[in-house]
Amino acid sequence: MSMFCYQCQEAAGCKGCTVRGVCGKTEDLAKAQDLLIYVLKGIAVYSVKGREVGVINKEVDKFIMEGLFATITNANFDRNVFIERIKKGLRLREELKRQVIKAGGILGESNSNENWLNKMLSFVGLKKEEESKLPDAATWFADNVEEFNTKADTVGVLATQNEDVRSLRELITYGLKGLAAYVKHAVHLGYDSDEIHGFMHKALAATLDDTLTLNDLVALTLETGKYGVDGMALLDKANTESYGNPEITKVNIGVRNNPGILISGHDLKDLEQLLEQTEGTGVDVYTHSEMLPAHYYPAFKKYSNFAGNYGNAWWKQTEEFEKFNGPILMTTNCLVPPKASYKDRVYTTGVVGFEGVTHIEANEKGKKDFSKIIEHAKRCKAPIEIEKGEIIGGFAHNQVFALADKVVEAVKTGAIRRFFVMAGCDGRAKSRNYYTEFAERLPKDTVILTAGCAKYKYNKLNLGDIGGIPRVLDAGQCNDSYSLALIALKLKEVFELEDVNELPISYNIAWYEQKAVIVLLALLHLGVKNIHLGPTLPAFLSPNVAKVLVDNFGIGGITNVDDDIKMFLG
Ligand code: SF4
Ligand code: SF3
């Protein structure tokens, strides 16, 4: 087997990609990503010890967060980026080790005598018995690519022999990847949390610990969900304090006559900088896929060149980017390996990357210079119209709370029989048409609560409204699933219920990549039961781990639309 990856819903044969990723990830890239994760775990070991003695290295926090994020499905396909990260990670690890030894976090006693410390580090290193207590990820070292390749063969997912331990370790790691992505966006807006970084490191280090039992790992999985809630709450605070609360908004899905820039991904700070820099240049800005909800924030409405949303979910980009005619800025996943016909129009930023595609870095003050993209746009034709009309969204917690009386009344009178949370991801599998049919066939007295790119399966259907409340309420991006949880908790309070599961809400969630994993774990932490996951259950759940989720949380898969609707409606 040349590689092994089973982190997303497209894992080949619902088991794992072993030759090349269905996503386009090559064997070399997969191995470099595996090794980077291993390096991050090794750094985390020192970070945990460091935090015990008051050592918090912010560069380490940032490095681990961005490294996790970079390995999310469809984020970065540039192997060189991972090789450089591995090299930097090993350097950082040694630096952190030094700080921790100095603070007494490893040898047990603090010694601020620089001479003693230098002597010890250069001649003795860690005492042999101390070193033997540390996992290999914290002590191995190499400085050339050949050795990286050899090492990578031994540290991937399958290095853990026991399939249940492996399953839980990976479930935690994927949850952390999703969490890291959300925290990264918050950090970009100046919001951070030492506590969340501390937990991420503790959990990463724990995936190396062979003394942990399955029960310990299950507990850690649920704790990951707690931090998932905290991470999404932090990002919600960052987004709403920076840009206002999302409000009901009609978004144009047609085109104008000016050249345009298409921006995709989840990073609102990148969007803000792009809008500032394109204002008055004659270049319009359109959103794609997960950037659509940016239109719901009051702060972006002042830009007259913020033209609308172009296209659909990420997987349609190969067709839609072609027709857009102008440059495309990818701020996060999901990037599909670009076709030669438009590759020169693709730009990446943040953790996204693809070999041969121009990457825009922030300067030391965090500012990104998008002038190259703007000049590029000016040389391009206006986008080809692929759709016309408007879609409506902006039903995040604050807006729904403002409508609470109306919603509660509709539930009390029976005008709304049930809500269906259909958050999550879209994807290219044909079986996902299930979600379009499911939305179409739901009885007219039901309302869909959505978030994430899953919405594109039904947000352009004409499903009508119930007394003025649209039957599809879009809260925003996948992280705004947090809003849906807040709405559920609010309804529980209004209806004076003991348990959130007594509400007339069903959960039929579509997943694809690892952000959906942290959303799922967050919902479990909030006590939500009987979540159905599709279109297939994660390949990384071993039969025993799946059983734990079924027995304790009533997690289930999907079957067919009619039977599932019957089942949900009881
Ligand atoms: Fe396969 Fe998904 Fe891993 Fe890509 S990310 S290699 S498609 S399991
Ligand atoms: Fe979509 Fe990638 Fe997950 Fe943020 S853009 S939801 S798949």
Side-chain angles (χ1 to χ4, degrees), residues 1-34 37 69-77 79 156-158 170 173-174 177-179 181-182 184-185 232 235 263-268 287-294 311-317 320 330-337 351-352 422-429 432 435 450-457 459 474-482 484 509-520 533 535-536 538-541:
M1 198 180 289
S2 55
M3 64 178 269
F4 186 81
C5 178
Y6 64 175
Q7 68 174 352
C8 86
Q9 190 272 325
E10 282 189 331
C14 283
K15 289 201 158 60
C17 298
T18 56
V19 181
R20 188 192 168 93
V22 175
C23 60
K25 190 153 94 174
T26 58
E27 174 192 340
D28 282 357
L29 175 61
K31 287 185 176 172
Q33 291 190 352
D34 286 349
I37 293 290
F69 190 2
T71 65
I72 277 190
T73 303
N74 294 339
N76 198 313
F77 293 87
R79 179 173 179 263
V157 170
L158 299 176
E170 295 307 316
T173 306
Y174 304 153
K177 290 185 183 194
L179 175 57
Y182 292 154
K184 162 83 174 120
H185 296 309
M232 283 192 273
L235 180 54
I263 178 168
S264 192
H266 304 68
D267 199 295
L268 297 183
T287 53
H288 189 260
S289 192
E290 275 286 70
M291 199 55 92
L292 156 67
N312 295 278
W314 65 273
W315 60 277
K316 288 216 171 161
Q317 66 188 248
E320 294 170 353
M330 296 300 303
T331 68
T332 70
N333 61 316
C334 282
L335 171 68
V336 176
V351 304
V352 196
M422 291 176 72
C425 311
D426 196 10
R428 56 200 140 197
R432 287 181 185 262
Y435 295 102
T450 191
C453 67
K455 66 170 79 61
Y456 286 98
K457 277 283 186 274
N459 67 345
D474 177 23
Q477 298 179 335
C478 49
N479 45 288
D480 295 308
S481 300
Y482 172 71
L484 302 181
I509 290 181
W511 82 287
Y512 173 64
E513 37 76 38
Q514 299 78 51
K515 295 183 200 177
V517 175
I518 194 64
V519 170
L520 174 72
L533 260 192
T536 53
F540 53 81
L541 295 181

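Positions are given from 1 along the sequence. We count ligands from 1, going down the list as the structure has it; atoms in each ligand are counted the same way.
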Listing residue and atom name, which protein N/O/S atoms are closer to atom 1 (Fe) of ligand 2 than 2.8 Å? Cys453 SG
Considering only heavy atoms, does Gln477 approach ligand 2 within less than 4.0 Å through its side chain, its backbone, both, or neither? neither
For Cys23, the option from Leu29, Asn74, Asn333 that meets side-chain contact (heavy atoms from CB on, under 4.5 Å):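 That would be Asn74; it is the only one of Leu29, Asn74, Asn333 passing the side-chain contact (heavy atoms from CB on, under 4.5 Å) with Cys23.
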Spatial distance of atom SG (Cys8) from atom CD (Gln514) [nearest 0.5 Å]: 7.0 Å
To the nearest 0.5 Å, atom CG of Asn479 lies from atom NZ of Lys515 at 7.5 Å
Assess whether a salt bridge exists between Arg428 and Glu10, defined as any Lys/Arg side-chain N lying under 4.0 Å from an Asp/Glu carboxylate O.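 Yes, this pair counts.
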Going by the rule side-chain hydrogen bond (donor to acceptor under 3.5 Å, both in side chains), which residues pair with Gln33 if we only count those two or more places apart in sequence or in a different chain?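 Residues passing side-chain hydrogen bond (donor to acceptor under 3.5 Å, both in side chains) with Gln33: Lys25.
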side-chain hydrogen bond (donor to acceptor under 3.5 Å, both in side chains) against Arg20, all qualifying residues, sequence neighbours excluded: none
For Trp315 together with Tyr512, are the ring centres under 6.0 Å from each other?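 That pair fails the under 6.0 Å test.
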With atom 4 (Fe) of ligand 2 as the reference point, give the N/O/S atom of His266 that is nearest. NE2
Residue shell around ligand 1, heavy atom under 4.0 angstrom: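 Near ligand 1, by chain and number: Met3, Cys5, Tyr6, Gln7, Cys8, Ala11, Cys17, Gly21, Val22, Cys23, Lys25, Thr73.
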Using 30° and 60° as the class limits, which term best fits the ring planes of His185 and His266: parallel, tilted or perpendicular? parallel
